[in-house]
Structure formats: C-alpha cells, structure tokens
Amino acid sequence: MTPFTRIGRILKDGQPGTQVDVRGWVRTKRESKGGFAFLELNDGSSFASLQVVVDGGVPGYAESMKHLGTGASVRIEGEIKESPGKGQRVEVHAKTLEIYGLADPATYPLQKKGHSFEFLREKAHLRPRSNTFGAMARVRNALCAAIHDFYQSRGFLYVQTPIITTSDCEGAGQLFQVTTLDLARLAAKQGEAVDFSQDFFGKKAGLTVSGQLEAETYACALGDVYTFGPTFRAENSNTTRHLAEFWMIEPEMAFYDLNDNMNLAESFVRSIIKDVLAKCPDDLAFFNERIEPGLLDSLHHIVENDFVRLTYTEGVEILQKSGKAFEYPVEWGHDLQSEHERYLTEEHFKQPVILTDYPRAIKSFYMRCNEDGKTVRAMDVLVPRIGEIIGGSQREERPDILVERMRESGLNPDDYWWYLELRQYGTVPHAGFGLGLERTVQLVTGMQNIRDCIPFPRTPKNAEF
RNA sequence: UCCCCGAUAGCUCAACCGGUAGAGCGGCGGACUGUUAAUCCGUAGGUUCUUGGUUCGAAUCCAAGUCGGGGAGCCA
C-alpha cells in the first residue's frame with residue numbers, strides 16, 4: 001500500500017470525512033482573490049480529475065498560489081467532503097499543500113485549452129498529461145490485458161519470438177538492417193561488396209517483420225501459442241494507419257483449419273472490445289463525445305453481432321454489382337483497394353467482414369493452396385474506418401507444395417530449411433493470424449491517426465524521444 | 001515513393017489586387033467569497049519555415065529544399 005491515495009479511488013468510493021494524502025499534477029487552477037482557490041488534480045488513475053479546494057488559511061497559500069499553475073506537481077493532505085458544486089460527487093479540502101515541482105506557465109507547452117494532435121506529437125513526452133493521451137494510454141493498457149486474458153484463459157502459451165532475425169524476405173515488408181559493421185568505412189569503400197561474414201551475426205540481419213514463422217515452430221510442438229511484441233517495417237509509409245514500429249499479436253494454432261481460425265479471430269476481437277468497454281467507461285465516453293461521435297454504438301454493434309464472412313470471389317462480385325464508381329476497377333486477381341474494402345465494411349454490410357480464399361498470386365507463400373489451384377486459404381478481417389485489422393491464413397503443411405510456392409515467390413527454400421523441417425517431421429494442419437495492436441487502439445478509441453495510438457510513434461523521419 | 005494541401009505571436013488562425021502583421025486563447029498585471037474550457041478590465045509578445053529569384057517594394061508571386069497534414073501504394 002502506498003502512503004497516499006490514488007485519485008480514481010477517491011472519486012469512485014471516497015467517503016466524506018476521510019483524511020487523505022493525494023499527489024498529482026495540476027490540470028487547472030481557478031483562483032479567487034477572495035481568499036481561496038480550486039485545483040484540478042490528476043494523477044492518471046482516472047480520466048476525471050479531483051477538485052481540491054485550497055483555503056487561504058492553508059500554510060504558504062499566498063506564495064504557493066502565486067507560482068502554481070497547470071503542470072505543477074503537488075502533494076495535498078486534506079479531507080474528503082461532499083461537493084456543493086456541480087460536476088463532482090466529492091472534493092478534497094486541503095489542510096496542507098506541498099509543491100514537488102513548478103511548471104513555469106510562460107513556457108509550459110500544455111494549456112488548459114485543447115491542442116492539435118500535430119502539436120502534441122511534437123511534445124510526446126508531455127502529451128500523456130493531456131486528457132486524450134491519458135485516456136489512450138489507459139485504453140491501450142486495458143486492451144493489452146484483455147489480449148493476454150483472452151489467450152491465457154484458453155490455455156494458449158505466450159511465446160517470445162526473436163526481434164532480430166536473419167531470415168530475409170519473410171514475405172512482408174522491408175527489413176531494418178541490424179549491423180555492427182562500420183558503415184562510414186564501408187561507404188568509403190564504394191564498389192566493393194559487403195562481407196557480412198564479418199558482421200555480428202555472420203550474415204545479414206534485420207529487425208523482425210513478423211514472428212509468425214518462429215511461432216509456427218512452437219505451435220507445431222505445443223498446440224496453441226501466441227506472440228505479442230514489437231514488429232518493424234522499413235517501408236516508406238506515410239498514412240494514418242502505418243507505423244515503422246508497431247505491436248502485433250500473432251496466435252498460431254496446431255490442428256486449426258481456416259474456419260477454426262476465423263472463429264478464433266472473431267471471438268478475439270469481440271472479446272477484447274467487450275472487456276475494454278467494461279474496464280474504461282469514462283475514457284471511452286470521452287472518446288465518444290470529443291473524438292468520434294457514435295463510437296460507443298459502433299463498438300457495441302461489433303460486440304453484439306456476428307461478422308460477415310465471404311470469399312474474395314464473392315466480395316469481388318458484390319463490388320462489381322454495386323454500381324459504385326470506384327477510382328480503381330474491381331477485377332478478380334487484383335488485390336482489393338482501400339476504397340473497395342471500405343465499401344464492403346462501411347456501406348454494404350456496415351459491420352466487420354472476414355474475406356477468405358484470395359488469389360494465390362497475390363498472397364504469401366506459406367498460405368495453404370486450395371484444391372481449385374487458384375486460391376489460398378487466406379483471411380483478412382476488415383473493420384469500418386480502419387480497414388484491415390487482421391491478416392491470417394491456414395498454413396501450407398504439405399512440404400512439396402510449400403517448396404513449390406517458395407520457388408513461385410522467388411524465395412530460396414534452402415534459406416527456410418528449419419521451416420520446411422516442420423513439414424518433413426510430423427507435419428500438421430495449422431493456422432494463425434496477426435492483429436495490429438495500434439489499429440485496434442484506433443478502432444476502440446476512434447482516434448484518426450495511428451501515430452496517436454502509441455506512446456512514441458516511429459514513422460519515416462520521426463524517431464525523436 | 002506518388003498526388004493534393006499547408007507552414008504567420010506560446011497555441012489555433014486571419015491579413016482582399018504585392019504597399020513593413022491582427023484576433024481569440026494562453027502568459028503577465030488587476031477585479032471578483034463556490035469555480036468547472038470561470039468571467040470582466042488592462043498589457044506585453046513577430047527573423048511571417050529556409051535559401052535563392054522577380055519587384056521601387058514580398059507574409060503575399062516564382063524555383064528549390066525542409067518539415068507537417070490528407071489521400072494512394074505497401075500492410076497489421
């Protein structure tokens with residue numbers, strides 16, 4: 001137990017007459033020269049702040065009030081009382097006021113009034129002190145807890161897959177290179193090939209773009225596993241839904257087919273949203289009111305209704321019959337454009353959609369080939385506003401076909417010798433998928449930009465902090 | 001990476017046809033015995049993103065660059 005009380009607790013069930021010690025940061029100060037002041041104190045334990053009434057009789061009142069402003073950190077000892085004012089059940093009447101640190105109002109960047117998210121991104125070290133980012137952090141935390149709960153309660157093993165990898169070309173995105181070689185010296189020796197045998201790992205290494213291949217090895221031994229860690233893509237992506245560093249949850253299940261995979265994905269998404277709705281009502285009410293009107297309705301709708309499931313081919317037919325003038329034509333064999341996905345999930349079905357059985361030419365080598373020879377057992381979960389939130393598939397467990405698909409994709413099977421051995425020794429049908437954590441935070445909070453759904457976003461030209 | 005848009009006070013923005021910059025908020029000073037983005041009065045605050053060009057004169061027009069936003073692609 002801490003020697004002080006967290007504000008969320010006081011607001012929830014603090015009883016009038018109780019003596020408390022609270023510590024936090026001043027959000028606003030409303031001063032009356034009549035001899036008292038109101039402080040809004042926030043310590044991150046809840047969305048709402050605590051109103052503290054500081055009477056002129058509190059020791060050091062005049063000196064404290066002269067300097068105290070938004071952003072200052074304080075300790076207050078006082079008594080909980082019923083609040084006569086509107087907007088709060090209880091408040092604290094201070095008996096003592098101790099200042100830990102002042103925040104010069106002339107230079108402190110956060111004002112009482114709202115700031116643009118662009119501005120706050122440049123103040124990533126201070127933005128958690130704002131309503132929006134405090135709420136985002138609590139929702140993100142609740143989501144992470146819900147994710148672990150979901151898998152732990154189903155007996156899945158949490159497996160840590162490597163962040164540094166030497167399997168180049170895992171099939172998704174560009175790798176950030178990891179090296180201890182002296183790049184300046186190499187640059188001076190232009191024209192000569194780089195000798196990676198001299199590098200730290202003895203070969204070219206990079207940051208992982210997916211833990212899937214390694215997760216498969218544990219699924220093919222222990223049954224149901226999941227990874228939950230950072231993922232890196234060195235793509236020059238400049239959009240509201242891409243990050244160079246993001247977090248991904250990748251469950252991988254032995255003896256699952258595509259249908260089992262879809263069932264898990266759907267109950268997963270619905271379950272974690274349900275948990276966050278229950279755990280973060282105040283934060284979500286704020287997002288619903290100030291960030292994305294209609295958010296709560298749309299989240300409840302997702303929780304309470306089945307996802308629509310259809311094949312890629314059926315999706316293409318719906319799009320072609322829609323009569324909608326798309327910027328890009330819909331043609332079987334081409335990947336669906338954002339506008340197509342959005343039409344399906346936002347206009348046609350108005351709820352999450354799981355698309356399956358994509359053309360094999362546009363999907364990764366590890367996805368299981370269908371008997372028709374044209375499609376693979378892939379699945380994408382599409383949600384309104386965000387688009388793709390999950391990508392997954394039943395994996396190709398037949399060694400000969402897998403090798404054929406690698407060659408088809410221009411990969412050298414020798415580089416994947418250990419992955420192929422999973423199929424040579426005791427191969428099993430299995431499936432899995434990847435859920436983007438930040439896209440889920442976007443979905444749940446209604447935040448427009450994924451850069452505001454992670455504490456310190458990494459995007460092209462941005463790795464400050 | 002491509003397309004479009006933008007960069008002016010601490011923040012959000014305005015400034016007509018090219019004539020040396022203005023508001024709200026915030027800050028500071030003052031008023032107010034219960035406020036809730038408090039209110040009211042006063043006040044200070046500017047290398048108009050950078051470099052170059054056109055012009056008697058550029059925040060304004062042109063070029064390049066940098067950074068930011070939206071859309072697209074890549075995907076989660």
Side-chain angles (χ1 to χ4, degrees), chain A residues 27-40 48-56 66-67 69-71 81 83-88 91 93 103-123 131 170-174 209-212 230-250 265 269 290 326-328 334-342 362-364 380-383 386-392 433-443 448-451 453-454 459-462 464:
Chain A
R27 281 291 176 81
T28 71
K29 174 183 73 172
R30 292 183 292 273
E31 201 179 350
S32 168
K33 281 294 187 299
F36 64 98
F38 295 101
L39 299 179
E40 291 288 340
S49 297
L50 174 69
Q51 174 160 285
V52 177
V53 183
V54 187
D55 189 77
K66 195 173 174 188
H67 302 294
T70 303
K81 293 194 175 176
S83 178
K86 285 180 181 146
Q88 59 278 319
E91 61 191 21
H93 287 231
D104 182 358
T107 56
Y108 186 63
L110 301 186
Q111 303 172 357
K112 296 181 195 179
K113 216 178 168 178
H115 289 99
S116 69
F117 294 132
E118 292 84 357
F119 174 72
L120 289 172
R121 254 169 245 153
E122 294 169 2
K123 311 285 176 199
N131 281 337
E170 284 179 17
Q174 290 287 309
V209 294
S210 166
Q212 180 200 318
T231 308
F232 308 87
R233 304 272 165 93
E235 302 285 353
N236 193 4
S237 295
N238 294 287
T239 78
T240 53
R241 54 191 187 285
H242 290 266
L243 292 166
E245 176 182 297
F246 63 100
W247 287 66
M248 188 155 64
I249 298 90
E250 297 180 285
V269 171
R290 302 292 280 271
F326 293 112
E327 191 182 341
Y328 295 90
H334 288 75
D335 218 343
L336 296 182
Q337 304 285 320
S338 279
E339 56 175 344
H340 305 144
E341 296 182 347
R342 279 216 306 277
I362 61 172
K363 286 293 184 183
S364 298
D380 282 359
V381 178
L382 312 175
V383 295
I386 318 295
E388 185 179 346
I389 200 168
I390 281 178
F433 60 83
L435 173 93
L437 177 65
E438 287 74 19
R439 286 189 183 175
T440 310
V441 174
Q442 255 185 306
L443 176 68
Q448 301 267 322
N449 197 315
I450 202 166
R451 291 162 207 170
C453 294
I454 186 170
T459 52
K461 303 275 187 285
N462 182 8
E464 190 73 42

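Just so it is clear, the model here is predicted, and its values are computed rather than measured. Residue numbers begin at 1 in each chain, while the letters A, B, ... track the order of the sequences.
Pairing for B:U54 is absent, judged as Watson-Crick or G-U wobble with the two contacts each under 3.5 Å. Partner assigned to B:A59 is none, using Watson-Crick or G-U wobble distances below 3.5 angstrom. Pair assignment for B:U8 gives none, since no Watson-Crick or G-U wobble pairing has each distance under 3.5 Å. Within the shown strands, B:C41 is the pairing partner of B:G29 under the Watson-Crick or G-U definition, both distances less than 3.5 Å.
One can find a donor-acceptor pair under 3.5 Å joining the base of B:C75 and the side-chain atoms of A:R439. Within 3.5 Å, a donor on the side chain of A:E91 pairs with an acceptor on the base of B:G34, or the reverse. Not a single donor-acceptor pair, N or O on each side, falls under 3.5 Å between the base of B:G27 and the side chain of A:Q111.
Where A:I389 and A:R342 each meet RNA chain B at their nearest nucleotide, the meeting point lying more 5' is that of A:R342. Toward the 5′ end of RNA chain B lies the nearest nucleotide of A:N238, the other residue of the pair A:N238 and A:S338 mapping further downstream.
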Side chain to side chain donor-acceptor pair (under 3.5 Å) evaluation trace for A:S83 with A:Q88:
CA-CA 6 Å; A:S83 178; A:Q88 59 278 319; 3.0 Å; yes
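Across all strands shown, A:S116 has heavy atoms under 4.0 Å from sugar-phosphate atoms exclusively, and none from any base. Among the protein residues, A:I390 comes within range of the sugar-phosphate backbone only, with heavy atoms under 4.0 Å from sugar or phosphate atoms but none that close to a base. Counting non-hydrogen atoms under 4.0 angstrom, A:Q88 reaches a base of the nucleic acid. A:E118 comes within contact range of the sugar-phosphate backbone alone, with a heavy-atom separation under 4.0 Å but no base atom that close. Within the nucleic acid shown, A:Q51 comes within 4.0 Å of at least one base atom, counting heavy atoms only. Residue A:F119 is classed as a sugar-phosphate contact, given heavy-atom separations below 4.0 Å to backbone atoms only. Residue-level contact check: A:T440 touches neither bases nor backbone, having no heavy atom under 4.0 Å from any strand.
Distance, A:E31 CD to B:A31 C1': 12 Å, rounded to whole Å.
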